[in-house]
Amino acid sequence: MNEISFAVLGTGGIGRRTLEVSQYRDGLIPVAVCDRGGIAVDHDGLDVGELLDATEGNVASGPDEVDDDQDTVTDGGVSTDAGGVKQTGEGAGVVASEQGRPTETPIDDIIAKSDRIDAVLIALPNLEHDFIPRVADRFAEAGYEGVLIDVLKRSRVIGLLDERAETLEDAGITFVCGAGATPGFLTGAAALAAQSFVEVDEVEIWWGVGLRSGYEDNRGTVREDIAHLDGYDIETARALSDEEIEAIVAEHGGVIEFNDMEHADDVLLERAGVCDVEDVTVGGVLDVRTDEKPTTTTVSVTGTTFDGERGTNTFRLDDDTSMAANVNGPALGYLKTGVRRNRAGEYGVFGPAELMPRF
Ligand code: IKT
């Protein structure tokens, strides 16, 4: 496969770790990155080491000082260009890199360069449900022909993307949605595990994440997770200050269990024909006191075989592989597959249960 040039929108935990992991994967050339205050573009390939050192080095150490992933700038409910693009610290971010330059229109600037970019990873928080779909609109309107990929989580966003399927198809865009760990890796695993069965009764996804050293990098995902707790939703979670989030985590003794999460694994498995939305449950345990996983991450698919046996196939992640590895590795694998599909002329919206990620 020819080389793939790709851009990353956002330099939060996902954006930075994806850039880092891409250094270990063949044929991936990171050529553009942006956050809310800056952009770096080099079509020959960015110096990822310098970029990461510059941006990580600028992350303020105390939780109170770090801008959060939910730092979405809105204007009458509509995000401005800078909206949602993560700034990694006070006055820092991409502009702290010698490859970066300041801009007030980071996404538009990437779009302006996108005719030479094969794929764009949208590593932005989606605390407004239609934020990522609206980013897709902007690429389509600008005539981008390539791959857009995200690691969004909420089920309802898939419908918003599906509404745009025709527009994306007409534009020549291959949109791969929900391509992180869950949805993503684990959804794909469920689709494989389902192959033994003629009827799938239940898909149970149960994840464990230990996030002590990775907490700063993953504040956005913690905030999104809190929106699943009783008494919270996406709007209330968005409005929480960092201190309030710390307090919620502390109230739970640093370990929070989530049940019946609204994760897009359900709609993505249904649209791939594996089972119905209501057959899928997603939950897990987040432990911010340690990097050890509090529970083993598993996907269990229960069904009935053609010869009448009922069984459960279980896919299990190792307890020592990190969330960063299990989100960003698959995201890049699905990105590669998306580019292959795009080059073959397949456009529209695809989920992780319909594609096999490439190594
Ligand atoms: C996500 O970012 O995909 C969702 C998060 C769970 C990740 C599971 C990783 C499992 C593992 O590494 O064992 C969470 C819901 N924010």
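Read the numbers this way: they start at 1 and go in the same order the structure lists the ligands and their atoms.
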Which of the numbered atoms in ligand 1 are under 4.0 angstrom from any heavy atom belonging to [X]?
X: Gly208; value: 11 (C), 13 (O)
X: Leu317; value: 11 (C), 13 (O)
X: Thr297; value: 10 (C), 11 (C), 13 (O)
X: Lys293; value: 11 (C), 12 (O), 13 (O)

Within-cut-off N or O pair, Trp207 and ligand 1, under 3.5 Å: no
Indicate yes or no: does an N/O atom of His263 lie under 3.5 Å from an N/O atom of ligand 1? no
Test side-chain contact (heavy atoms from CB on, under 4.5 Å) applied to Leu148 and Val120, Val349, Leu121, Leu9, the passing residue: Val120
For atom 5 (C) of ligand 1, what's the nearest protein heavy-atom neighbour? Residue, atom name and distance, please. Met323 SD, 4.1 Å
Of the protein's non-hydrogen atoms, which lies at the shortest distance from atom 2 (O) of ligand 1, and what is that distance? Lys153 CE, 3.2 Å
Any heavy atom of Gly284 sitting closer than 4.0 Å to ligand 1? no
Under-4.0 Å heavy-atom contact with ligand 1, by part of Ser322 that carries it: backbone
Side chain, backbone, both or neither: Glu224 near ligand 1, heavy atoms under 4.0 Å: neither
Can you check which of Val222, Val209, Asp265, Asn326 brings a heavy atom nearest to atom 11 (C) of ligand 1? Asn326
Would you tell me which option among Thr182, Thr295, Leu211 has the nearest heavy-atom contact to atom 3 (O) of ligand 1? Thr182
Applying side chain to side chain contact (heavy atoms under 4.5 Å, CB included) to Glu246 and Arg219, what does each step give before you reach the verdict? CA-CA 10 Å; Glu246 308 290 325; Arg219 296 164 73 85; 3.7 Å; yes
Set out, in order, the CA-CA distance, both residues' side-chain angles and the distance that settles side chain to side chain donor-acceptor pair (under 3.5 Å) for Ser241 and Glu243, then state yes or no. CA-CA 5 Å; Ser241 66; Glu243 294 73 20; 3.2 Å; yes
Ring pair (Phe, Tyr, Trp, His ring centres under 6.0 Å): pairs with one or both residues in residues 260-304, sequence neighbours excluded: His228-His263
May I ask you to decide whether Lys293 forms a salt bridge with Asp320, counting only side-chain N to carboxylate O separations under 4.0 Å? no
Between Glu141 and Arg134, is there a salt bridge with N-O shorter than 4.0 Å? no
Intermediate values then yes/no, side chain to side chain contact (heavy atoms under 4.5 Å, CB included), Val203 and Leu269: CA-CA 9 Å; Val203 174; Leu269 284 165; 3.9 Å; yes
May I ask you to check whether Phe175 and Phe139 place their ring centres under 6.0 Å from each other? no
Taking everything shown except Glu346 itself, do over 12 heavy atoms lie less than 6.0 Å from its CD? yes
